[in-house]
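Take a look at the structure below.
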Amino acid sequence: MATEEQMKQQTKQRAKQQIDARRRILDEDVERVLIDQAQLRQRLNELGAAINAEYAGKDLLLVAVLKGSVLFLADLMRHIAIPHEIDFMATSSYGAGVQSSGVVRILKDLNKPIEDRHVLIVEDIIDSGNTLSYLTGMLAARKPASLEIVTLLDKPDRREVDIRVAWTGFSIPNEFVVGYGLDYDECYRNLPYIGILKPEIYAQSDAGNPME
Ligand code: IMP
Ligand code: MG
């Protein structure tokens, strides 16, 4: 007869197996892993160290751009040892399959003024640069003590406007990526790595090809 403790363990194990099985369904849509968990951890460690050094003794505010950068922000914060606050902005981004234009809509603004504060924008990926170009212009007008950008990913080949980025996690080729916060049609954000989707996923989806 199984003890109560053993039964609890079995229930837990079954739940974990179910989650793993569902995760595999998402994994199957990924053609290849571009950046794995170990690479992410290592690079975040380095970025955290650079930020610690740069902002020691300063009033640091991390501004994350929703929703893609939430996983990056959460992990990056754990590598930042100095005191800091966080705040969020949301902009209209790629609707599924629609490329970002120069026009950016603010869906959520910051909760507090940023005058005289050291603001570090935390972004998931810079593609055309349009979103960040607009955001930095808007935030600079509020007179922060400094305004910098840390982005997890950069696709330099796709740049349409010049953007000065203080720290980049990884420069990547011109491919549409998902995982670690990044989505295709709001899916795949929970993959713990950065991957490239199989082309047939776009072909099957009403959302279409995100690079067109
Ligand atoms: P930009 O204004 O063209 O620089 O667009 C930046 C935004 O587009 C990012 O913050 C993402 O939300 C989205 N984006 C660009 N490339 C990708 C990608 O490869 N995968 C997922 N989202 C992307
Ligand atoms: Mg984004």
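Indexing begins at 1, ligand by ligand and atom by atom, following the structure's order.
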Per-atom filter on ligand 1: closer than 4.0 angstrom to a heavy atom of Glu123 are 10 (O)
Check whether any side-chain N or O of Arg43 sits under 3.5 Å from a backbone N or O of Gly169 as a donor-acceptor pair, and report yes or no. yes
I'd like to know if the side chain of Ser205 reaches the main chain of Ile201, judged simply by a donor and an acceptor atom lying under 3.5 Å from each other, with no hydrogens or angles considered. no
Taking only non-hydrogen atoms of Val65, do any sit less than 4.0 angstrom from ligand 1? no
Go through Tyr188 and Asp27 one step at a time and tell me if the side-chain hydrogen bond (donor to acceptor under 3.5 Å, both in side chains) criterion holds. CA-CA 9 Å; Tyr188 307 103; Asp27 283 336; over 6 Å; no
If you measure from each heavy atom of Gly129 to ligand 1, is any distance below 4.0 Å? yes
Identify, by atom number and element, the atoms of ligand 1 in contact range of Asp183, meaning under 4.0 Å from any of its heavy atoms. 21 (C)
Using a 4.0 Å heavy-atom cut-off, say whether Glu160 meets ligand 1 through its side chain, its backbone, both or neither. neither
Asn130 heavy atoms, cut-off 4.0 Å: which ligand 1 atoms fall inside? 2 (O), 4 (O)
Between Ser92 and Arg105 (side chain of the first, backbone of the second, donor and acceptor by atom type, cut-off under 3.5 Å), is there such a pair? yes
List the steps and the verdict of side chain to side chain contact (heavy atoms under 4.5 Å, CB included) for Asp87 and Leu61. CA-CA 7 Å; Asp87 205 343; Leu61 175 69; 4.1 Å; yes
Which atoms of ligand 1 sit under 4.0 Å from any heavy atom of Glu175? 19 (O)
Electrostatic pair Lys155-Glu175, nearest N-O below 4.0 angstrom: no
Hey, does Lys155 come in under 3.5 Å of ligand 1, counting only N/O atoms on both sides? yes
Verify the neighbour count for atom NZ of Lys108: are there more than 12 heavy atoms of other residues, nucleotides or ligands below 6.0 Å? yes
Taking the side chain from Asn52 and the backbone from Gly48, do they hold a donor-acceptor pair closer than 3.5 Å? yes
Show which atoms of ligand 1 fall inside a sub-4.0 Å distance from at least one heavy-atom site of Thr131. 1 (P), 2 (O), 5 (O), 6 (C)
Should one rank Leu182, Asp154, Asp124, Val177 by closest heavy-atom distance to atom 20 (N) of ligand 1, which comes out on top? Val177
I'd like to know whether ligand 1 has Met211 as a neighbour, heavy-atom separation below 4.0 Å. no
